Amino acid sequence: MSTAHSIAAKEFLKNQTYAKWHDATFWAVRTKRDNMAYGLDEWEQLREKASDIKRHTITHLDKYLDQFATKAEENGCIVHWAKDAHEFNEIVFGILKNHNVKKLVKSKSMLTEECEMNPYLEQHGIEVVETDLGERIIQLKGQAPSHIVMPAIHLNHDDVGELFEEKLGSEKGNHDPTYLTYVARLSLRNEFLTADAGMTGANFGIAETGDIVVCTNEGNADMSTSCPKLHIAAIGLEKIIPNYDCLAVFQRMLCRAGTGQPTTTFTSHFRKARPTANPMHIVLVDNGRSDWIGNADHWEALKCIRCGSCMNTCPVYRRSGGYSYSYFIPGPIGINLGMLRDPQKHSGNVSACTLCNSCQTLCPAKVNLGDQIYMWRQQLDEFGTANPQKKMMCKGMSMVYGNEGVYNIGTALAHWANLIPSPLINCGMNPWAEGHKMMKFPKETFHSLWKKGKVK
């Protein structure tokens with residue numbers, strides 16, 4: 001009954017030292033988040049407000065998108081609309097080609113990961129340099145992000161030190177984090193100064209003013225927009241919010257929920273290009289979002305503000321790693337987004353959930369993550385991806401629990417299973433035996449004990 005996720009998780013867990021470190025690291029971030037949340041008496045009211053804002057905006061998105069685009073154009077920006085990933089990549093490439101761009105520096109953007117923009121541009125002869133330190137590390141390593149906020153958290157300082165020795169010529173054996181940060185800074189400084197264009201994602205787009213807001217801890221978005229003469233901003237439709245009053249709610253929550261900080265080091269607003277630069281381009285990307293809004297059961301996934309707190313608290317993500325998921329966004333939100341994208345391809349991820357609802361309890365925008373995963377599970381047969389063994393077991397259990405006589409006989413005779421030799425029952429034929437030992441059945445059933453008055 002193994003799924004792709006469970007197989008990948010098993011590989012991850014082979015290195016128990018690393019697995020325990022991964023779990024502890026994210027639990028520490030979760031603890032920092034709790035300290036920040038409990039420090040605000042109004043935290044739950046903020047969550048409710050954030051949820052209301054997102055619900056209102058998403059259900060009136062046509063109005064706010066039109067307002068945002070109109071204001072952005074009044075500011076002097078050039079607004080583009082991309083219906084899917086292919087059109088987005090073509091638009092970006094067209095802009096870069098028109099400006100003879102050979103090198104693009106970009107800040108972290110999960111949207112460009114979603115659209116696989118980097119390989120597309122590189123195939124067309126444009127060098128793309130990630131400037132977020134974590135993204136730069138995994139780019140040099142040829143990997144994808146393992147977390148949406150901390151993309152290289154699966155690597156330790158020795159991993160990074162060896163990588164920098166190979167790719168950036170750092171001192172051999174010097175894996176001190178301060179030194180490695182210095183090496184990265186020197187390398188990126190040259191990239192900023194020699195780039196022809198800069199790209200940012202967007203944490204929020206403000207409909208009332210037409211500007212985008214980018215939250216970082218490294219200032220790399222500011223460098224990507226202040227050095228090159230061309231700035232392109234990529235933003236998913238769901239990132240639009242009505243005004244600055246709404247932004248104030250999310251700005252108070254985003255970093256507290258994601259990294260346990262009171263705020264990001266930099267909260268940058270981009271409304272128009274610098275006087276000496278080329279016009280700023282904004283690309284609004286749909287890529288399935290319009291269809292998702294119409295999904296009555298799962299549209300709330302679009303309320304996500306990409307803080308990553310659902311991953312930090314998830315007992316499965318923490319113990320199985322980001323690469324055990326088939327979708328490029330892991331964890332609870334990734335399970336739901338992957339299913340919205342392609343349920344046949346990503347159905348294996350829905351087993352990576354205990355339905356503990358810790359993610360749902362923590363989410364700053366109150367996305368009903370656990371409820372959605374449960375609903376996806378009910379649809380697996382419809383998608384043709386339900387596990388046949390589980391289906392057979394469910395039918396068998398329905399017969400047992402649906403027939404009082406069969407149930408009573410089964411529980412009365414269950415203790416005979418204790419006589420089966422352990423090697424025969426705790427083996428590969430019994431999936432429960434992986435990581436567990438079969439229970440010992442009591443000789444007397446609960447019902448029998450209850451009738452004798454032995455249970456109170």
Side-chain angles (χ1 to χ4, degrees), residues 1-14 288 291-292 295-298 301 314-357 359-360 368-411 413-414 416-441:
M1 289 191 293
S2 296
T3 65
H5 177 273
S6 62
I7 293 169
K10 188 175 181 180
E11 188 66 28
F12 174 83
L13 290 167
K14 284 181 179 177
D291 294 331
W292 301 349
N295 189 319
D297 291 333
H298 300 289
C314 177
V316 179
Y317 170 83
R318 295 199 323 264
R319 292 167 174 82
S320 64
Y323 296 138
S324 61
Y325 297 79
S326 62
Y327 194 55
F328 80 101
I329 295 177
I333 186 61
I335 294 172
N336 287 297
L337 292 174
M339 290 298 286
L340 282 167
R341 176 69 60 201
D342 188 339
Q344 275 74 32
K345 183 177 180 181
H346 301 298
S347 285
N349 293 334
V350 299
S351 65
C353 177
T354 65
L355 296 179
C356 68
N357 268 4
C359 55
Q360 190 161 310
N368 58 340
L369 293 158
D371 292 346
Q372 289 192 43
I373 293 171
Y374 176 79
M375 286 187 281
W376 284 123
R377 286 184 178 177
Q378 311 316 302
Q379 296 178 270
L380 293 181
D381 205 24
E382 173 189 329
F383 300 136
T385 57
N387 187 296
Q389 290 174 285
K390 288 181 179 179
K391 285 176 65 178
M392 182 177 66
M393 289 171 62
C394 287
K395 287 179 180 178
M397 295 307 292
S398 295
M399 289 174 60
V400 173
Y401 287 111
N403 187 306
E404 184 179 351
V406 173
Y407 174 82
N408 288 334
I409 293 171
T411 53
L413 298 178
W416 288 101
N418 298 336
L419 301 177
I420 301 174
S422 179
L424 294 180
I425 199 165
N426 293 301
C427 64
M429 295 292 289
N430 177 14
W432 179 257
E434 259 192 79
H436 307 85
K437 270 195 173 182
M438 285 298 291
M439 64 174 285
K440 294 293 183 183
F441 293 96

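Here the structure is a predicted model, which means the values were calculated and not measured. Here, residue 1 is the first one in the sequence, and each next residue gets the next number.
In this structure a side-chain-to-backbone donor-acceptor pair under 3.5 Å is missing from Glu11 to Ile7. Formation of a donor-acceptor pair under 3.5 Å by the Asn368 side chain with backbone atoms of Asp371 is not found in this model.
For the pair Lys14 and Phe12, the minimum side-chain heavy-atom distance is 4.5 Å or more. Here the side chains of Ser320 and Tyr325 are in contact, with some heavy-atom distance below 4.5 Å. In this structure the side chain of Asp342 never reaches within 4.5 angstrom of the side chain of Tyr327, judged on heavy atoms.
Distance CE/Met339 to NZ/Lys345: 13.5 Å, rounded to 0.5 Å. Distance check: Leu419 CG to Leu424 CG gives 12.0 Å after rounding to the nearest 0.5 Å. To the nearest 0.5 Å, the span separating NZ on Lys390 from CG on Asp381 amounts to 13.0 Å. Rounded to the nearest 0.5 Å, atoms CE (Met375) and NE2 (His298) are 5.0 Å apart. For the atom pair CZ (Arg341) and OG (Ser326), the distance works out to 12.5 Å, reported to the nearest 0.5 Å. The distance from atom CG of Asn387 to atom OG of Ser351, rounded to the nearest 0.5 Å, is 9.0 Å.
Taking all atoms of both residues into account, the shortest heavy-atom contact from Asn357 to Gly370 is OD1-CA, 3.2 Å. Ser324 and Asn349 get closest at one heavy-atom pair: O-OD1, 4.4 Å. Nearest heavy atom pair, residue Arg319 against residue Leu13, reads O-CD2, 3.1 Å. Residues Pro343 and Thr385 share a closest heavy-atom pair of O-CG2, 4.4 Å. Across all non-hydrogen atoms, the minimal contact from His5 to Val316 is CE1-CG1, 3.7 Å. Closest approach of Val350 to Arg377, counting heavy atoms only: O-NH2, 2.8 Å.
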Side-chain donor-acceptor distances from residues 392-404 under 3.5 Å, at least two apart:
| residue | atom | partner | partner atom | Å |
| --- | --- | --- | --- | --- |
| Ser398 | OG | Cys394 | O | 2.8 |
| Asn403 | OD1 | Gly405 | N | 3.1 |
| Asn403 | OD1 | Val406 | N | 3.1 |

For residues 329-336, please give each side-chain donor-acceptor pair under 3.5 Å, one per line with the distance, not counting sequence neighbours.
| residue | atom | partner | partner atom | Å |
| --- | --- | --- | --- | --- |
| Asn336 | OD1 | Trp376 | NE1 | 3.1 |
| Asn336 | ND2 | Pro332 | O | 3.1 |
| Asn336 | ND2 | Leu369 | O | 3.4 |

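For Phe383, the CZ atom sits in a packed shell: over 12 heavy atoms of surrounding residues, nucleotides or ligands are nearer than 6.0 Å.
Checked by atom type, the side-chain pair Gln372/Asp297 shows no donor-acceptor distance below 3.5 Å.
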